[in-house]
Amino acid sequence: MQKSLLIALIVTVIGAVVIHQFGSALPAYAAFILGAVIVATVLSIMPNSASPSSDAKYVGPTKTLYVGNLPYRVHENEVKELFAKYGPVNSVRLVRDRKTGRRKGFGFVEMSDTGADKALGKLNDYSFQERTLKVREARSQESSSDREQ
DNA sequence: GCTGAGCGA
């Protein structure tokens, strides 16, 4: 949001300079206003590239999965891509020691409810990087949208 | 630099 405003301001200033170079008849403030109008028009024309404030996060019934027996050299993106085949992955957190930074070999994957169910059935005991993954539902902090009542 | 069961600051 604020980054977009900063970019818009920079583009506005650059556009104002360009416009000022084009027509010297226009004053500087008029060129600035014209540049602002142009930027506003461009931002309103293409909202697909500028309006999505965050990533393609999945909003809905989400469930946190526990992933154990992970290889130490695996990265979060690989786990994310692996689980993304069965459902929209919201976030991946690989647990590592905070002071030493060494990986503990397990992590948590937050994804959609249905995708988590499918991923649990497909990726449990799945041979990944010469390791057998252990996928279980997380014990605490179950669903963020489906509260217990 | 290492390891192998593990539910997270």
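The sequence lines fix the lettering, A, B, ..., with proteins before strands; numbering per chain opens at 1. Just so it is clear, the model here is predicted, and its values are computed rather than measured.
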Worksheet item: Are the ring of Y66(A) and the base ring of dG6(B) both nearer than 5.5 Å at their centres and tilted by less than 30°?
Response: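 So Y66(A) does not count as stacking on the base.
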
Discussion item. Quick test of the criterion, 5.5 Å between centres and less than 30° between planes. Is Y72(A) stacked on dT3(B) or not?
Written reply: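 Aromatic stack with dT3(B) present for Y72(A).
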
Item to complete: Quickly work out the D97(A) CG to dA9(B) C1' distance and round it to whole Å.
Response: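 It works out to 11 Å between those atoms.
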
Discussion item. Measure CZ/R73(A) against P/dC2(B) and give the value in whole Å, please.
Written reply: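 Taking atom P of dC2(B) as the reference, CZ of R73(A) is at 10 Å.
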
[X] side chain, from C-beta outward: closest of [options]:
{"X": "K104(A)", "options": "dG4(B), dC7(B), dG6(B)", "answer": "dG6(B)"}
{"X": "R98(A)", "options": "dA9(B), dG4(B), dC7(B)", "answer": "dA9(B)"}
{"X": "R102(A)", "options": "dA5(B), dC2(B), dC7(B)", "answer": "dC2(B)"}

Worksheet item: Between R102(A) and D97(A), does at least one N-O distance fall below 4.0 Å, as a salt bridge requires?
Response: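 Looking at R102(A) and D97(A), the cut-off is not met.
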
Discussion item. Under 4.0 Å, heavy atoms only, any strand: does G68(A) hit a base, just the sugar-phosphate, or nothing?
Written reply: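 Since no nucleic acid heavy atom lies under 4.0 Å of G68(A), the category is nothing.
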
Worksheet item: Within the structure shown, what part of the strands sits under 4.0 Å from L94(A) by heavy-atom distance: base, sugar-phosphate, or nothing?
Response: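 Here L94(A) touches no strand at all.
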
Worksheet item: Is the side chain of R103(A) donor-acceptor paired with the backbone N or O of Y72(A) at a distance under 3.5 Å, no angle test?
Response: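 Between the backbone of Y72(A) and the side chain of R103(A) there is a qualifying donor-acceptor contact (under 3.5 Å).
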
Fill in: Under 3.5 Å: donor-acceptor pair, side chain of N124(A), backbone of V135(A)
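A pair under 3.5 Å: yes.
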
Worksheet item: Want to settle it: does R136(A) or R103(A) sit nearer the 5' end of DNA chain B, counting the closest nucleotide to each?
Response: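 First, find each residue's nearest nucleotide; the 5'-ward one identifies R103(A).
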
Discussion item. Which is more 5' along DNA chain B, the nucleotide nearest R131(A) or the one nearest R96(A)? Just name the residue.
Written reply: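 So the residue in question is R131(A).
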
Discussion item. Please tell me whether E110(A) and T64(A) have a donor and an acceptor in their side chains that are separated by less than 3.5 angstrom.
Written reply: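 The answer is no; no qualifying pair exists.
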
